[in-house]
Amino acid sequence: MELLPMVMASGWASGVNAYLCVVVLGLFGRFGGIEAVPEALTRTDVLIVAGVLYALEFITDKIPYVDSAWDTISTLIRPTAGAVIGLLIAGDASSLEQAVLATTGGGAALVSHLVKGGLRLIINTSPEPVTNIGASIGEDVAVAGVATLTVVAPEVAAVVAGVLLVLGIVLLVLLWTRVRRGYRRFKAWRERRAAIALE
């Protein structure tokens, strides 16, 4: 189970941006000589496809509402990527260990994906695009950082990913509460205006 921190961290990163996670891990494995990175991620075709898809996500992720549509499409892709990376990292482990690692990777990716998607929906309620662009760049930096730590210091990466996940959940709850409160105020204001117009 010494592979668990690496799987958990790469799972979190996959849930936020699977293609960037694959590119960073693959490049470290191919050019950095990191043996812990599965060989499948270092293949030229995998790196090219992941790079092209990351470039596409880099653009779409910064456009309000388009990013949420992209997140919806990615609901199956990101957790699957997390599970596959977990399974690849497991390598020749026993069947039970492979199942645990794949489930951990997929589960971490699913939770971080849902947190990201929820935060993006809330951010999209803001009329200006700066918040959206800033959030996207912040996510990319966090994913690149965690993916890098995954191959350099897996335990640290797992702790950082765990902290980011908890912070994301707390932020999601706080922002969702504010959005609901704001919507209730807007609804009450609209009803008052309608009542005044009828008088």
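Source: prediction; values computed, not measured. All values below were derived from every heavy atom in this structure, side-chain atoms included, with hydrogens, water molecules and symmetry-related copies excluded.
Applying the side-chain hydrogen bond (donor to acceptor under 3.5 Å, both in side chains) test to pairs two or more places apart or on separate chains, none has a residue in residues 153-170. Pairs of residues two or more places apart, or lying in two chains, never qualify as side-chain hydrogen bond (donor to acceptor under 3.5 Å, both in side chains) while including a residue from residues 158-178. Annotation: side-chain hydrogen bond (donor to acceptor under 3.5 Å, both in side chains) contacts involving residues 72-83, sequence neighbours excluded, comprise Glu57-Arg78, Asp71-Arg78, Thr75-His113, Arg78-His113. Applying the side-chain hydrogen bond (donor to acceptor under 3.5 Å, both in side chains) test to residues at least two apart or on different chains, the pairs with a partner in residues 18-37 are Arg30-Thr44.
Annotation: the span from Lys62 atom NZ to Ile133 atom CD1 amounts to 8.0 Å, rounded to 0.5 Å. The distance from the CG atom of Leu110 to the OG atom of Ser14 is 12.0 Å, given to the nearest 0.5 Å. Rounding to the nearest 0.5 angstrom, the gap separating the CH2 atom in Trp70 from the CD1 atom in Ile63 is 11.0 Å. Annotation: the span from Ser68 atom OG to Leu121 atom CG amounts to 4.0 Å, rounded to 0.5 Å. Here CD1 of Ile89 is found 7.5 Å from OG1 of Thr150. Values are rounded to the nearest 0.5 Å. Between the OG1 atom of Thr131 and the CG atom of Leu119 there is a distance of 12.5 Å, given to the nearest 0.5 Å.
Minimum interatomic distance between Ser112 and Trp12 (heavy atoms only, all atoms of both residues): OG-O, 2.9 Å. The nearest pair of heavy atoms linking Ala13 to Val143 is O-CG2, 3.9 Å. In terms of heavy-atom proximity, Asp61 sits nearest to Ser136 at OD2-OG, 3.0 Å. Contact detail for Ala147 and Val24: the closest heavy-atom pair is CB-CG1, 3.6 Å. Closest approach of Ala157 to Val146, counting heavy atoms only: CB-O, 3.9 Å.
A continuous path of Ile, Leu, Val, Met, Phe, Trp and Tyr side chains, each step under 4.5 Å between heavy atoms, connects Val115 with Leu175, placing both in one hydrophobic cluster. Put simply, Leu25 and Met8 are part of two different groups of oily side chains (I, L, V, M, F, W, Y) that touch within less than 4.5 Å, one to the next. Linking ILVMFWY residues whenever their side-chain heavy atoms come closer than 4.5 Å, directly or via other members, places Val84 and Leu53 in the same cluster. Ile137 and Leu167 fall into different hydrophobic clusters, where Ile, Leu, Val, Met, Phe, Trp and Tyr residues are linked whenever their side-chain heavy atoms come under 4.5 Å apart, directly or through other members.
Under a 4.5 Å side-chain heavy-atom criterion applied to ILVMFWY residues, the cluster that includes Leu47 comprises Val23, Leu27, Phe31 as well. Residue Ile123 is found outside any hydrophobic cluster, as its side-chain heavy atoms come under 4.5 Å of no other Ile, Leu, Val, Met, Phe, Trp or Tyr. The other members of the hydrophobic cluster of Leu174, by chain and number, are Val166, Val170 (side-chain heavy atoms under 4.5 Å, ILVMFWY only). Leu76 belongs to no hydrophobic cluster with other residues, because no ILVMFWY side-chain heavy atom falls under 4.5 Å from its own, directly or through intermediates.
Scanning for side chain to side chain contact (heavy atoms under 4.5 Å, CB included) contacts around Ala83 gives an empty result, with sequence neighbours left out. A search for side chain to side chain contact (heavy atoms under 4.5 Å, CB included) contacts involving Leu87 returns Gln98, Ala102, not counting sequence neighbours. Contacts of Tyr65 classified as side chain to side chain contact (heavy atoms under 4.5 Å, CB included), with partners at least two apart in sequence or in another chain: Asn124. Take Asp67 and apply the salt bridge (Lys or Arg N to Asp or Glu O under 4.0 Å) test, not counting sequence neighbours, and it matches Arg120.
Of the possible donor and acceptor atoms, one in the side chain of Thr104 sits under 3.5 Å from a partner among the backbone N and O of Val100.
Ser10 pairs with exactly one of Leu41, Leu88, Val22, Ile85 by the side chain to side chain contact (heavy atoms under 4.5 Å, CB included) rule, that one being Ile85.
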